[in-house]
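Scroll down for the structure; my scribbles are underneath it.
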Amino acid sequence: MKDAAPQTFYLSDYTPPAFLIDEVSLTFRLAPEATRVISRIHFVPNPDTTDRSFFLHGEQLKLISAKIDGHDANPTLTPHGLTAEVPDHEFTWEAEVEISPATNTALEGLYMSNGMYCTQCEAEGFRKITYYPDRPDVMAPFHVRIEGDLPVLLSNGNPVDQGEGWAEWSDPWPKPAYLFALVAGDLRATSGTFTTRSGNEVALNLWVRPGDEGKTEFGLQALKDSMKWDEDVYGREYDLDLFNIVAVHDFNMGAMENKGLNIFNSSAVLASPETSTDANFERIEGIIAHEYFHNWTGNRITCRDWFQLCLKEGLTVFRDQQFTSDMRSEPVKRISDVLMLRARQFREDAGPLAHNVRPESYQEINNFYTATVYEKGAEVIGMLYRLVGETDYYRALDMYFQRHDGQACTIEDWIAVFEDATGRDLTQFKRWYTQAGTPHLTVTEEWVNGTYNLYFKQETKPTPGQPDKQPLVIPIAVGLLAHDGSEIVPTTLLEMTEAEQTFSFDGLTERPIPSILREFSAPVVLHRDTNNQERAFLLAHDTDPFNKWEAGRALAKDVLVRMITKGTKPDTGFLDALRQMALDDTQDPAFRALAMALPSQDDIAQTLYASGVTPDPMAIYGAVKTLSRAIAEHMKDDLPALLAANTVTEPYLPNAEQSGKRALANTALSLLSKLDNGAAAQAQYDAADNMTQQLSALSCLIRAGAGADALAKFEQQWHGDRLVMDKWFGLQVMLAEPEDAAQVAQTLTERADFDMKNPNRFRAVFGALAGNPAGFHHPSGDGYRTMADWLIKLDTVNPQTTARMCSAFDTWKRYDADRQAMIRDQLERIAAKPDLSRDVTEMVERIMAA
Ligand SMILES: [Zn+2]
């Protein structure tokens with residue numbers, strides 16, 4: 001149903017629940033179109049409030065019966081739940097409802113995926129399962145009985161008992177309804193065990209559909225590594241006898257941390273060398289860790305309300321980033337995270353969808369599972385870590401776990417722990433949670449009689465609903481280098497609190513070269529008037545790997561911007577510096593591969609727009625192509641040797657060392673393909689025994705205009721593997737020539753194996769269209785039109801995924817009047833769809849309001 005006027009929820013309206021729950025029993029009688037859910041819930045008046053109004057959330061439920069203490073409850077049904085007269089003391093609520101998992105294509109609540117039942121309850125899916133106070137500050141132990149004619153019946157917690165066609169589960173840890181999970185189907189487990197440091201043996205299972213058993217080993221090992229790491233680094237142990245992970249093909253998100261029963265998008269857990277790339281392996285390891293770490297940061301300590309989402313997500317992303325740094329390479333991980341932050345979060349912060357890390361209002365909370373909440377939320381934790389130091393950080397975390405275990409908390413609780421543990425006043429720091437937009441930090445310098453002054457100025461531009469901005473606390477890590485490349489002042493943390501502030505360094509014998517914002521110590525845009533000579537110096541000499549990479553990136557951006565705005569030729573100084581970096585064997589291959597990658601087309605558009613230039617996606621596309629070609633020509637004689645030296649000959653392992661070498665080899669291959677029409681790529685394609693090699697060769701062949709044969713072979717080889725075919729779909733759209741991209745996407749949707757009900761397949765095609773900027777923004781307007789056509793179709797099937805993909809249009813104000821008009825037409829067309837979902841209505845309104 002469509003809300004005539006969708007309700008807006010405000011953080012400031014929070015009131016505590018009138019009733020708490022101390023026991024929940026649920027019985028599920030599974031049937032595809034008529035599942036019965038029988039609930040028995042014991043309510044207790046909340047001593048913290050005098051409010052005794054009784055409201056249970058419920059949507060798309062058929063109520064069969066409802067009783068209070070054994071008597072008919074006679075509830076009043078509303079579009080979003082029910083109300084009833086209740087006693088002012090404790091009572092038992094019993095209800096029976098009917099739901100239809102088979103027709104639930106929104107994939108929220110209980111739904112079916114290839115004959116298997118599964119759930120997704122975060123954020124507000126449980127209200128589609130039964131009537132319940134579906135808010136995270138109501139926590140209760142759950143007892144679950146599942147009846148169904150399927151071999152595997154799973155729920156949260158520990159198994160109690162089971163028989164033919166039934167199973168019972170009990171979760172002793174009080175939890176909010178969003179952490180509820182149920183899975184039933186024909187599944188196979190790969191099993192293992194983990195012994196906690198206090199000696200409890202935990203059974204581990206990774207459940208998959210028959211046929212996927214060969215893709216579980218890596219995920220199971222990643223789980224064990226995560227469990228060990230959380231004990232070693234945070235002192236957190238697992239707290240049940242069993243930990244289950246289930247892979248599901250149809251899933252809106254990456255994965256979900258349900259207590260003891262994590263449910264994963266199959267793309268985020270299934271892996272084998274033949275079918276997964278190095279990047280897939282690293283992502284899977286990170287996601288498994290992330291969901292596991294939620295057991296403490298999210299499940300044991302949860303959020304009071306959904307405005308506090310960053311409390312669990314920012315912290316857990318920070319923890320999974322630490323984990324990956326420890327498992328792999330710290331600098332490479334940091335650079336990758338910053339690349340992602342700039343691509344997704346800075347873009348969001350600079351456009352109509354900008355919002356606080358802790359939002360203050362929403363219509364549909366699903367629209368706030370954003371890069372700002374997750375990635376900027378993690379950066380805020382990273383800044384706290386830097387400001388208080390490692391020892392105090394872990395002391396504060398111990399206090400957080402001790403003080404708030406079993407509670408539903410707020411950002412205020414989190415900040416208070418850090419203040420109490422460290423004695424710091426964090427009032428100003430808290431603005432990072434309450435102020436949207438990316439701060440711009442401008443630095444100028446002065447050298448006077450042996451004193452070196454750095455003068456900083458911070459400014460945050462207005463964002464929707466927030467015209468005035470206050471100065472933030474910005475930790476700025478700085479090192480100073482001498483002209484011979486030696487470090488005269490090692491990394492020092494400056495703590496900026498004013499709008500404008502000067503920091504002085506005394507007793508220096510020469511004017512230093514500064515390396516500012518080392519490790520990317522704060523999520524800001526840094527402006528400094530410098531020249532390419534100095535950037536080349538830092539690229540060669542900076543001891544901070546992040547800033548070394550950053551110097552190369554700044555060089556590349558400067559060259560590209562001048563090519564686009566002034567029509568200059570690729571700069572020889574840049575080509576020399578890049579070549580030197582590429583061939584520097586003292587540097588980690590993974591680092592060199594990152595340093596050789598040019599800024600993304602969207603990144604360049606963002607940079608141009610920020611400097612007052614209207615970006616032309618076609619000109620950006622052309623410049624990147626020209627510069628790549630110039631790099632290839634410049635390194636013509638080096639490329640075969642670089643490729644050979646980094647080609648891994650040992651059996652495939654998805655570890656940091658091998659994947660770094662493959663990344664560098666594939667960078668060389670991609671450049672080489674610009675000169676040899678794809679001959680080397682064809683050879684690699686034919687010989688490849690792992691997906692990393694196969695897919696990179698296929699990409700090179702498509703880019704060289706020689707991919708038809710390999711695409712056909714790839715399809716023939718992999719047509720039975722959905723996850724691999726997603727790559728095949730995506731690559732063709734992502735790498736299509738700008739004028740063809742929309743048509744390629746449209747043609748792919750006409751295939752029998754394009755199923756819009758499957759979010760992975762839909763994203764493979766239309767995420768790739770949005771990820772081909774020159775194709776999406778082609779002057780014909782075909783990209784916009786095709787995207788809008790399909791978003792309108794998908795809205796009826798799956799509002800949540802549709803709403804997320806609307807963000808393809810969020811940069812529209814960057815572009816020229818013609819493009820703006822074409823995008824506005826498409827947004828208006830989406831807005832005019834009858835019965836448009838609440839999710840998409842909110843997104844389109846926010847994007848158009850800009
Ligand atoms: Zn999470």
Side-chain angles (χ1 to χ4, degrees), residues 107-108 119-126 136 156 173 175-181 219 222-223 226-227 229-230 234 236 238 243-248 251-265 267-269 282-324 333 337 340-341 344-345 348 357-359 362 365-382 397 400-401 404 408-411 414 433 759 800-801 804:
L107 315 183
E108 296 169 331
T119 53
Q120 171 57 34
C121 293
E122 188 178 359
E124 299 179 333
F126 193 75
N156 314 88
W173 298 101
K175 66 167 177 288
Y178 83 86
L179 290 172
F180 169 80
L223 175 60
S226 308
M227 295 175 90
W229 186 90
D230 212 16
Y234 280 84
R236 298 297 115 196
Y238 188 61
F243 192 90
N244 282 318
I245 290 178
V246 182
V248 179
F251 204 71
N252 280 331
M253 315 223 201
M256 178 63 211
E257 69 263 24
N258 316 299
K259 184 80 187 189
L261 176 55
N262 287 2
I263 300 182
F264 273 63
N265 187 320
S267 73
V269 60
E282 183 174 333
R283 173 170 179 263
I284 286 166
E285 184 179 72
I287 295 180
I288 287 179
H290 178 96
E291 305 309 333
Y292 175 72
F293 297 157
H294 266 314
N295 191 53
W296 276 93
T297 51
N299 300 4
R300 294 277 290 250
I301 303 178
T302 194
C303 305
R304 187 193 72 177
D305 52 68
W306 291 118
F307 297 102
Q308 322 293 333
L309 182 57
C310 62
L311 179 75
K312 75 176 178 81
E313 294 306 340
L315 177 55
T316 306
V317 171
F318 179 70
R319 275 152 52 73
D320 82 54
Q321 290 173 345
Q322 288 182 299
F323 169 77
T324 301
K333 175 62 178 160
D337 287 341
M340 172 129 98
L341 182 81
R344 297 181 56 225
Q345 202 280 323
E348 192 165 78
V357 170
R358 180 172 69 179
Y362 61 79
I365 186 59
N366 285 332
N367 290 334
F368 286 84
Y369 284 72
T370 59
T372 297
V373 169
Y374 280 66
E375 271 80 36
K376 189 175 178 182
E379 290 298 319
V380 174
I381 310 284
L397 264 290
Y400 179 63
F401 293 124
H404 293 298
C409 294
T410 61
I411 290 303
W414 165 255
Y433 288 100
Q800 191 179 332
T801 294
R804 289 213 181 140

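Both ligands and their constituent atoms are indexed starting at 1 by order of listing.
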Taken by chain and residue number, the protein N/O/S atoms under 2.8 Å from the Zn ion (ligand 1) read His290 NE2, His294 NE2, Glu313 OE1, Glu313 OE2
So Thr297 and Phe401, do their side chains get closer than 4.5 Å, heavy atoms only? yes
Tested for side-chain hydrogen bond (donor to acceptor under 3.5 Å, both in side chains) against Tyr369, the lone hit among Glu122, Glu313, Arg804 is Glu122
[X]-[Y] aromatic ring centre distance below 6.0 Å:
{"X": "Phe368", "Y": "Phe307", "result": "no"}
{"X": "Tyr234", "Y": "Phe293", "result": "no"}
{"X": "Tyr433", "Y": "Trp414", "result": "no"}

Heavy-atom closest pair (Asn156 atom, Lys259 atom, distance to 0.1 Å) is ND2-O, 3.0 Å
